There are 2 protein chains.
Amino acid sequence: MTEIKEITTNNAIDQFILYWGDMGGQWGVNRSVAQIHALLFLSTKPLNAEQISETLGIARSNVSNSLKELVSWKLIRRVPIQGERREHFEAETDVWEMAMRIAQGRKEREIDPAAAALNECVAKAETEAGIDPVVLERLRDMQQFMDTTNRWYVQMLGVPKSQLNRLMKMGDKVLSVLKFAGKKMP
Amino acid sequence: MTEIKEITTNNAIDQFILYWGDMGGQWGVNRSVAQIHALLFLSTKPLNAEQISETLGIARSNVSNSLKELVSWKLIRRVPIQGERREHFEAETDVWEMAMRIAQGRKEREIDPAAAALNECVAKAETEAGIDPVVLERLRDMQQFMDTTNRWYVQMLGVPKSQLNRLMKMGDKVLSVLKFAGKKMP
DNA sequence: CTGTTGTTTCTGTATAAACAGAAACAACAG
DNA sequence: CTGTTGTTTCTGTTTATACAGAAACAACAG
């Protein structure tokens, strides 16, 4: 495994790590975390912090923190290796499982607090004198939307992967099966 | 409308703007953009850049740029006002429409490029000698997952709001209607 | 108890993003 | 043509985040 920080990156694995790295950046995840995840995702055997640090050219401490974060997301797990003192890690390789875990994490860390904040706002608006009814309505719409989305989200997280897969593959065909009125694209 | 940068923020509208502002921060959107969006979302009449700048205590230039970005996301639109020289703006207030626009924007700016990068990686891996078949398989799984998700996403974006709403409200009941085998939560 | 190995927390530095204010630009009225 | 009003782009500063390296800490072997 080469030092992937170098400019010359010609093999697919390194490129994937690089891409995944700054893709993470665009999301809330920082580069180190995303790169480590990518590395473990493509690794055929568990790796320890040392190896990761060397492979990616990331400081040992940084690796340690990033691993902790990835574990908390349940995207990787500690794996005890026979006759080895130090901890090894391997990634969840089932992509559906992965996606579910990420979705779960984002829900807890971002969506739920946002919903709570919104509820607070609506509650305050309701007791507040002199608030324009139109404004109140908009806040309520927003709240309701968030609520619906959230419920849906939770339920989907509970659906087994295989069924979810099938459901998504159906795409908008579900609509015709459910015999909803109206045409596609109004 | 008070200067919402102040610490004392007791009314619901300002609080919403504040929340929305750093909620945006957690997403890819910066605070200014999100705050302006929030302000317009709750405003009962179109506002011009000047008013926004004063209300939020954000530099005129910053407001201008943020407005441009919001327009590009189609979350707000320019509204000509009778007998007024300067441009006014109003927000899309239908929350479903709003969500669709955001989803659309994120797809174009983030998901599509990510998918393209991934395809490149897989292509490279396929021509590459000495790549572990397991690794190749993982990359392909990832690619396929992304593809499925993407297609689904596109199709859902084409579904009229009312139907989407109904669909989401059904939640996991769709599964039983579709008579999928297997139980919920394996 | 002391040396060794591995992990975590802390601290300063570098990097990138957001932002204000200024300058440049455009449209128009008189 | 010139002054006025509004908009956009540019530039330097501020602020937040990521990060490396050091220090502190823990577990254990001998």
Side-chain angles (χ1 to χ4, degrees), chain A residues 3-6 17-18 20-39 46-73 76-89 109-110, chain B residues 3-6 17-18 20-39 46-73 76-89 109-110:
Chain A
E3 244 278 357
I4 68 133
K5 267 203 172 166
E6 301 306 318
I17 293 174
L18 244 28
W20 201 251
D22 59 53
M23 239 206 72
Q26 306 226 302
W27 271 83
V29 188
N30 72 42
R31 209 172 57 250
S32 310
V33 173
Q35 284 192 352
I36 292 172
H37 180 231
L39 174 62
L47 302 175
N48 63 46
E50 203 63 35
Q51 297 171 300
I52 296 171
S53 172
E54 281 162 16
T55 308
L56 299 178
I58 289 175
R60 202 39 254 289
S61 56
N62 194 4
V63 170
S64 180
N65 291 326
S66 301
L67 285 172
K68 213 200 295 184
E69 187 170 345
L70 284 166
V71 169
S72 86
W73 281 82
I76 65 174
R77 50 181 158 267
R78 295 168 195 279
V79 192
I81 297 280
Q82 198 48 273
E84 266 275 11
R85 214 176 125 191
R86 54 187 128 177
E87 307 247 41
H88 284 62
F89 298 86
R109 289 156 226 236
E110 291 161 34
Chain B
E3 246 277 356
I4 67 135
K5 268 201 173 168
E6 302 306 318
I17 292 174
L18 243 28
W20 202 251
D22 59 51
M23 241 205 71
Q26 306 225 304
W27 272 82
V29 189
N30 71 44
R31 207 170 61 249
S32 310
V33 173
Q35 284 192 351
I36 292 172
H37 181 231
L39 174 61
L47 303 175
N48 63 47
E50 203 63 36
Q51 297 171 302
I52 296 170
S53 172
E54 282 163 14
T55 309
L56 300 178
I58 289 177
R60 200 41 251 288
S61 56
N62 195 3
V63 170
S64 180
N65 292 324
S66 301
L67 286 172
K68 214 198 297 183
E69 188 170 344
L70 284 167
V71 169
S72 87
W73 281 83
I76 66 174
R77 51 182 158 265
R78 295 168 193 278
V79 192
I81 297 281
Q82 198 49 273
E84 265 278 7
R85 218 176 121 190
R86 54 187 127 176
E87 307 245 42
H88 284 63
F89 297 85
R109 289 155 226 234
E110 290 160 34

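Because the structure is predicted, anything quoted here is derived from the model rather than measured. Within every chain, numbering begins at 1; the chains are lettered A, B, ... in the order of the sequence lines, protein sequences first and strands thereafter.
One interatomic measurement links the two molecules: CD of E69(B) to P of dA18(C), which rounds to 9 Å at whole-angstrom precision. Residue H88(B) contributes atom NE2, which lies 10 Å from atom P of dG6(D) at whole-angstrom precision. For E54(B) and dG6(D), the CD to P distance is 12 Å, given to the nearest whole Å. Rounded to a whole Å, the CD atom of E87(B) is 9 Å from the C1' atom of dT7(D). Separating the CZ atom of R78(B) from the C1' atom of dT7(D) is a distance of 9 Å, rounded to the nearest angstrom. Protein atom CG of D22(B) is 15 Å distant from nucleotide atom C1' of dT15(D), rounded to whole Å. Whole-Å rounding puts the R31(B) CZ to dT15(D) P distance at 11 Å. We find that CG of N62(A) is positioned 17 Å from P of dT11(C), with the value rounded to whole Å.
Distance from the side chain of N65(B) is smallest to dT9(D) among dT9(D), dA20(C), dC19(C). Taking every side-chain heavy atom of N30(B) into account, dA18(C) is the closest of dT7(D), dC19(D), dA18(C). The side chain of K68(B) lies closest to dT9(D) when the candidates are dT7(D), dT7(C), dT9(D).
Residue N48(A) is out of contact with every strand shown, counting any heavy-atom pair closer than 4.0 Å. When heavy atoms are screened at a 4.0 angstrom cut-off, E50(A) is found touching no nucleic acid atom at all. Among the protein residues, R86(A) comes within range of the sugar-phosphate backbone only, with heavy atoms under 4.0 Å from sugar or phosphate atoms but none that close to a base.
Base-pair partner of dA24(D): dT7(C) (Watson-Crick or G-U wobble, both distances under 3.5 Å). The partner of dG30(C) is dC1(D), by the rule that a Watson-Crick or G-U pair needs both atom distances under 3.5 Å. Under the Watson-Crick or G-U wobble criterion, with both distances below 3.5 Å, dT15(C) is paired with dA16(D).
One finds the OG atom of S66(A) at 9.0 Å from the CD1 atom of I52(A) (value rounded to the nearest 0.5 Å). The distance from atom CD1 of I76(B) to atom NE2 of H37(B), rounded to the nearest 0.5 Å, is 8.0 Å.
For dT7(C), the OP1/OP2 oxygens have no side-chain nitrogen or oxygen of S64(A) closer than 4.0 Å.
W20(B) does not carry R31(B) over the face of its six-membered ring by the limits of under 6.0 Å from the centre and within 45° of the normal.
The residue among R85(A) and S61(A) whose nearest nucleotide of DNA chain D is located toward the 5' end is S61(A).
No donor-acceptor pair under 3.5 Å is formed between the side chain of E54(A) and the backbone N or O of Q51(A).
Among V71(A), N48(A), L47(A), the single residue meeting the side chain to side chain contact (heavy atoms under 4.5 Å, CB included) criterion with F89(A) is V71(A).
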